Every structure is written in structure tokens, then in C-alpha cells.
J.: 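Take this structure, written in C-alpha cells, and hold onto it; I'll ask about it next.
Just so you know, ligand 1 is whichever comes first in the structure, and atom 1 is the first atom listed for that ligand. Note that the structure is a prediction, hence the values are computed from the model and not measured.
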Amino acid sequence: MMATTHALVGVALATAVARVAPEFTVVAIAGAVLGSVFPDFDLYADHRKRLHFPVYYSILAVPLIGIALAAPGPASVAAALFVVGAALHSLMDALGGGLELEPWRGTSERAVYDHFRGRWVPPRRWIRYDGAPEDAAFAALLGLPALAVHESPVREFVAGAVAISASYALVRKPLARVWRRTVALVPDAARPYVPARFTEATEAEPDRDGEVASAD
Ligand SMILES: [Zn+2]
């Protein structure tokens with residue numbers, strides 16, 4: 001799923017909380033959105049493993065939700081929603097595509113790493129890949145409650161995230177081709193600094209432009 005889809009999951013989550021505790025609307029949105037995008041800060045190092053914890057975030061969320069309910073305040077509400085957002089992100093990554101440069105090919109069986117069991121969770125591909133049309137549609141659907149409930153600047157944030165999602169979906173496949181060609185030009189000395197999933201893609205099938213074009 002796209003980062004914007006994850007962010008909009010956070011907005012939807014915070015919107016639900018704001019309905020019952022409107023005094024925490026701002027901290028709920030801040031905590032939930034930050035937590036919902038936080039795992040992807042590992043994008044360039046052990047992506048979907050280093051900061052993705054589908055089991056541990058979920059376990060940690062239980063006492064934090066309890067604290068937020070028992071002693072509601074800006075810090076407890078933000079902390080609980082941050083971890084719930086990170087948990088949902090890590091769990092939802094398993095519903096998308098695999099960890100590969102061109103995930104619509106369906107060649108990777110790694111969706112998200114389960115540190116508890118010490119293995120990769122395979123991709124369900126309910127949303128076939130990040131930036132798929134259904135990903136953009138899901139993002140728009142998630143944004144609807146927030147657009148109906150919130151005012152500026154949340155409305156603008158949501159509308160912007162939905163617009164970015166749609167734009168990214170349009171360029172997702174051409175962008176991957178540009179990435180692959182760019183990585184192919186990286187000198188050997190600099191390749192250790194390129195994420196492995198990118199170099200793996202170029203090394204495994206270095207010359208398949210025609211195939212990619214017909215696959216689209
Ligand atoms: Zn992720």
C-alpha cells in the first residue's frame with residue numbers, strides 16, 4: 001500500500017476517536033498519522049523488516065489503549081494511536097504485494113517480516129501492489145469520512161493525500177522502469193548503498209524492457 005493510503009488509515013482512525021473525544025482531535029490525528037507512516041521510514045534499509053512489527057506493535061497497543069482509556073490526555077491518546085497506527089500499517093502490508101521493485105509480477109513471497117515467528121509473511125495481494133488502481137480507490141474511500149467531518153486544514157491534507165495517491169497510481173509502473181534503468185547505471189562501488197531489492201531486480205533480469213512494456 002502507498003504511504004498516503006497508510007496515512008489515510010491513520011486519519012480514519014483518528015476521525016473515529018475524534019467523534020467520541022473531540023477535545024483530542026488534533027493529537028489523535030497527529031499521533032495516528034505519524035504512527036501509520038512510521039514503519040516505512042525503513043524504506044532504504046531492511047524495508048518492511050527493521051521498523052515493521054506486525055505482532056509486537058499489536059501487543060504493545062493493548063496496554064497503551066488501556067492507559068489512554070483510564071487516563072485520557074494528549075500524551076496517552078497520541079501514544080496509543082501512534083502504536084495502533086504502526087500496528088495497522090504492519091498488518092496491512094501483508095494484504096498487499098510482495099517486496100520487489102515491480103510487485104505486480106508476483107515473484108516475491110515477502111510482504112512483511114514477522115519478528116515474533118522469525119519469518120516473512122507472504123503477500124495476500126488483496127491490493128496487488130502499492131500504487132495499484134485499487135490502492136488509490138481504497139485511499140479515496142478512507143478519506144471520505146474525514147472530508148465529511150473535519151474542517152481546514154485536515155480537509156486539505158486529506159484531499160492532497162487522495163490526489164497524490166491518484167497521481168502516484170498513474171505513474172507507478174513507468175516509475176519502476178525508470179528506477180530499474182537508473183539502478184543499472186549505478187557504478188559497482190556505489191551498489192552496496194542501493195537497496196538490495198532494487199539491485200536484485202536488475203541483476204535477476206537485466207534486459208526485459210520489451211517484456212515489461214507488453215506486461216502493462
Ligand atoms: Zn510498510
Side-chain angles (χ1 to χ4, degrees), residues 1-14 29-61 64 78-143 157-158 160-162 164-169 171-173 175-176 179 183 194-201:
M1 263 155 264
M2 294 178 281
T4 45
T5 307
H6 288 301
L8 288 165
V9 168
V11 171
L13 177 66
I29 290 174
V33 170
L34 284 175
S36 294
V37 299
F38 174 74
D40 276 350
F41 283 113
D42 68 9
L43 191 61
Y44 291 101
D46 287 338
H47 185 38
R48 297 202 196 159
K49 181 175 183 182
R50 186 168 293 186
L51 294 178
H52 288 64
F53 298 95
V55 175
Y56 294 134
Y57 285 139
S58 304
I59 292 172
L60 181 61
L64 288 177
L81 287 176
F82 182 95
V83 175
V84 171
L88 285 174
H89 176 132
S90 303
L91 292 166
M92 288 174 68
D93 271 352
L95 305 181
L99 186 66
E100 55 196 315
L101 186 58
E102 296 172 327
W104 45 89
R105 295 183 168 279
T107 55
S108 172
E109 285 308 304
R110 294 179 292 170
V112 67
Y113 193 76
D114 179 350
H115 296 262
F116 179 69
R117 295 177 182 82
R119 63 173 175 82
W120 285 92
V121 178
R124 265 53 165 198
R125 299 192 177 93
W126 292 3
I127 286 177
R128 293 166 298 155
Y129 56 90
D130 66 290
E134 62 269 28
D135 195 1
F138 183 44
L141 197 67
L142 286 165
F157 174 78
V158 170
V162 171
I164 290 169
S165 302
S167 306
Y168 181 70
V171 299
R172 177 62 175 95
K173 288 188 173 182
L175 207 58
W179 265 112
V183 170
V194 178
R197 62 204 169 93
F198 289 1
T199 51
E200 282 166 6

J.: Strictly under 2.8 Å, is the Zn ion (ligand 1) approached by any N, O or S atom of H47?
T.: no
J.: Please name the pair of heavy atoms, one in M1 and one in G96, separated by the smallest distance, quoted to 0.1 Å.
T.: CE-N, 4.2 Å
J.: Below 2.8 Å, any N, O or S contact between H52 and the Zn ion (ligand 1)?
T.: yes
J.: Please determine whether D42 has a backbone or side-chain N, O or S atom lying under 2.8 Å from the Zn ion (ligand 1).
T.: no
J.: Show the nearest heavy-atom pair for residues A94 and V121, with the distance to one decimal.
T.: CB-CG1, 3.9 Å
J.: Using only N, O or S atoms, tell me which atom of D40 is closest to the Zn ion (ligand 1).
T.: OD1
J.: How close do R48 and G97 get, counting heavy atoms only, and between which atoms?
T.: NH1-O, 3.1 Å
J.: For the Zn ion (ligand 1), what is the closest N, O or S atom on D93?
T.: OD2
J.: Look at the aromatic rings of F82 and F38 and report parallel, tilted or perpendicular, splitting at 30° and 60°.
T.: tilted
J.: Do the side-chain N and O atoms of Y168 and D135 include a donor-acceptor pair separated by under 3.5 angstrom?
T.: no
